[in-house]
Amino acid sequence: MGMLGKLRTGVAVLAIIYILIPLIVVIPASFTSANYPSFPPEGFSFQWYTKLLERPEFIEAMVNSFQFALLAAFFSVLFGTLGALAIAKYEIPGKAYITALLTAPLSVPQLVLGIALLIYFTPMMLAGTPTGFLISHIIICIPYVIRLVLTGLSGFEYNLERAAAILGANPVTVFWRITLPLIRPAIISGGLFAFLTSFDNVTVSLFMVSSDMRTLPIEIFSHMQDAYNPIVASVSSVVIFISVILILIIEKIHGVGKVFGGTQT
């Protein structure tokens with residue numbers, strides 16, 4: 001058993017190293033002083049971050065990414081929190097199947113999901129529109145909010161709600177003064193994870209974007225098809241920095257591992 005534990009630890013370490021290798025290459029390459037990508041970087045310069053500010057297509061794409069990610073996070077928190085509360089507090093027929101359906105985007109490959117959404121949205125004239133893009137991002141973000149809020153509700157003391165109701169508090173007051181403060185860390189973490197999921201998404205976004213509506217990951221992908229220069233590394237590093245900051249915040253508030261923990265059914 002001890003050997004098995006060591007083997008698992010070794011495999012986990014190797015997996016982490018394998019995942020981090022691109023970061024070890026991309027971030028240093030963004031500081032190169034050469035006019036071409038190089039690793040190790042030739043010299044040290046912030047010129048590619050400065051030139052990034054001179055590229056309006058990247059600035060516009062970043063603004064679009066922030067806008068869509070904020071909207072996706074807002075609606076995901078709204079619907080995901082309500083869904084999680086309904087699943088956790090009420091005996092709904094087929095609750096296990098409903099939970100599996102709501103969290104299915106976590107297990108369905110993004111490529112399959114993107115194709116399915118494109119096929120479904122095209123007859124509805126939503127493919128390639130901001131509305132269709134936003135709905136597709138809400139669909140892939142909601143499962144994270146549901147998972148986190150369900151985790152926050154797993155140890156919830158419902159007697160506090162009953163006591164407040166007995167003392168005369170109406171349902172709105174009970175939710176606002178009792179339920180919400182206790183699950184607020186889970187809701188905030190779910191919102192941050194939803195924002196990060198939407199902001200970084202490429203696969204589903206590729207099927208939903210149009211020529212006049214671009215996000216930052218799509219702009220990076222398109223730029224690399226034409227020419228790869230250090231400005232791509234600088235843009236990618238910005239995305240990495242944003243992602244790492246949000247992950248650290250989520251870990252501090254709620255714990256990243258709880259996103260993929262069990263749910264209450």
Side-chain angles (χ1 to χ4, degrees), residues 19 23 57-84 101-118 120-121 124 126-151 185-223 235-254 256 258-260:
I19 293 173
L23 308 185
E57 67 272 23
F58 285 114
I59 302 299
E60 182 180 355
M62 181 174 291
V63 172
N64 288 337
S65 292
F66 269 107
Q67 289 176 340
F68 280 113
L70 284 172
L71 287 172
F74 172 78
F75 286 109
S76 297
V77 165
L78 177 62
F79 299 134
T81 301
L82 293 175
L101 178 64
L102 292 175
T103 57
L106 291 175
S107 56
V108 176
Q110 294 275 296
L111 180 62
V112 175
L113 187 59
I115 295 173
L117 289 171
L118 179 63
Y120 183 73
F121 284 164
M124 301 172 64
L126 288 175
T129 65
T131 302
F133 187 91
L134 178 60
I135 293 174
S136 65
H137 276 224
I138 293 172
I139 290 173
I140 63 176
C141 291
I142 280 181
Y144 295 101
V145 179
I146 291 177
R147 278 288 181 90
L148 280 164
V149 176
L150 282 176
T151 303
I187 294 175
I188 294 174
S189 298
L192 290 174
F193 219 103
F195 178 91
L196 182 61
T197 300
S198 174
F199 186 82
D200 283 351
N201 187 269
V202 177
T203 309
V204 173
S205 299
L206 278 172
F207 293 93
M208 292 291 111
V209 295
S210 61
S211 58
D212 58 345
M213 185 186 65
R214 317 277 282 188
T215 60
L216 188 57
I218 298 299
E219 194 63 44
I220 295 173
F221 181 81
S222 300
H223 187 80
V235 179
S236 301
S237 298
V238 170
V239 175
I240 291 171
F241 292 145
I242 294 173
S243 301
V244 169
I245 290 172
L246 290 179
I247 288 294
L248 291 176
I249 294 174
I250 295 171
E251 177 62 31
K252 183 69 174 179
I253 295 175
H254 200 69
V256 175
K258 294 182 180 180
V259 178
F260 303 100

(request) With rounding to the nearest 0.5 Å, note down the distance linking OG in S65 to CD in E219. (result) 9.5 Å
(request) Report the residues that fulfil ring-ring contact (aromatic ring centres under 6.0 Å, His included) with F66, sequence neighbours left out, ordered by chain and then residue number. (result) F195, F199
(message) When you measure from the side chain of S198 to the backbone of A194, do you find a donor-acceptor pair of N or O atoms at a distance under 3.5 Å?
(response) no
(message) So which atom in F68 and which in T215 form the shortest heavy-atom distance, rounded to 0.1 Å?
(response) CD1-CG2, 4.5 Å
(request) Tell me, please, which residues at least two apart from I115 pass side-chain contact (heavy atoms from CB on, under 4.5 Å). (result) L111, I119, F207
(request) Not counting sequence neighbours, which residues clear side chain to side chain donor-acceptor pair (under 3.5 Å) with N64? List them please. (result) none
(request) List in chain and number order the residues that pass side chain to side chain donor-acceptor pair (under 3.5 Å) with E60, two or more places apart in sequence or in another chain; answer none if no residue qualifies. (result) none
(request) Assess whether side-chain contact (heavy atoms from CB on, under 4.5 Å) is satisfied between L134 and M208, documenting all intermediate values. (result) CA-CA 9 Å; L134 178 60; M208 292 291 111; over 6 Å; no
(message) Could you work out, with side-chain contact (heavy atoms from CB on, under 4.5 Å) as the rule, every residue matching T197, not counting sequence neighbours?
(response) I140, C141, Y144, F193
(request) Could you tell me whether F241 atom CZ has more than 12 heavy atoms of other residues or ligands within 6.0 Å of it? (result) yes
Donor-acceptor contacts, no H, no angles, side chain residues 72-79, under 3.5 Å, sequence neighbours left out:
residue : atom : partner : partner atom : Å
S76     : OG   : A72     : O            : 2.6

(message) Using every non-hydrogen atom in the two residues, find where P217 and V202 come nearest and quote the distance to one decimal.
(response) CB-CG2, 3.4 Å
(request) Drop me the distance from I187's CD1 to L192's CG, to the nearest 0.5 angstrom. (result) 12.0 Å
(request) Please identify each residue that fulfils side chain to side chain donor-acceptor pair (under 3.5 Å) with Q67, with sequence neighbours left out. (result) none
(request) Please identify each residue that fulfils side-chain contact (heavy atoms from CB on, under 4.5 Å) with I245, with sequence neighbours left out. (result) I249
(request) Over all heavy atoms of both residues, which pair between I146 and A84 is shortest? Give the atoms and the distance, please. (result) O-CB, 4.1 Å
(request) Report yes if some heavy atom in the side chain of M62 is under 4.5 Å from a heavy atom in the side chain of V238; otherwise report no. (result) yes
(message) Applying side chain to side chain donor-acceptor pair (under 3.5 Å) as the test, list every pair that has at least one member in residues 200-209; sequence neighbours left out.
(response) Q110-N201, H137-S205, D200-S243, N201-S205
(request) Could you tell me whether the side chain of V145 reaches within less than 4.5 Å of the side chain of I142, counting heavy atoms only? (result) no
(message) Using modelled atom types and a 3.5 Å cut-off, is there a donor and acceptor pairing between side-chain atoms of T129 and backbone atoms of L126?
(response) yes
(request) Starting at CD1 of I138, measure out to CG of L71 and round the result to the nearest 0.5 Å. (result) 8.0 Å
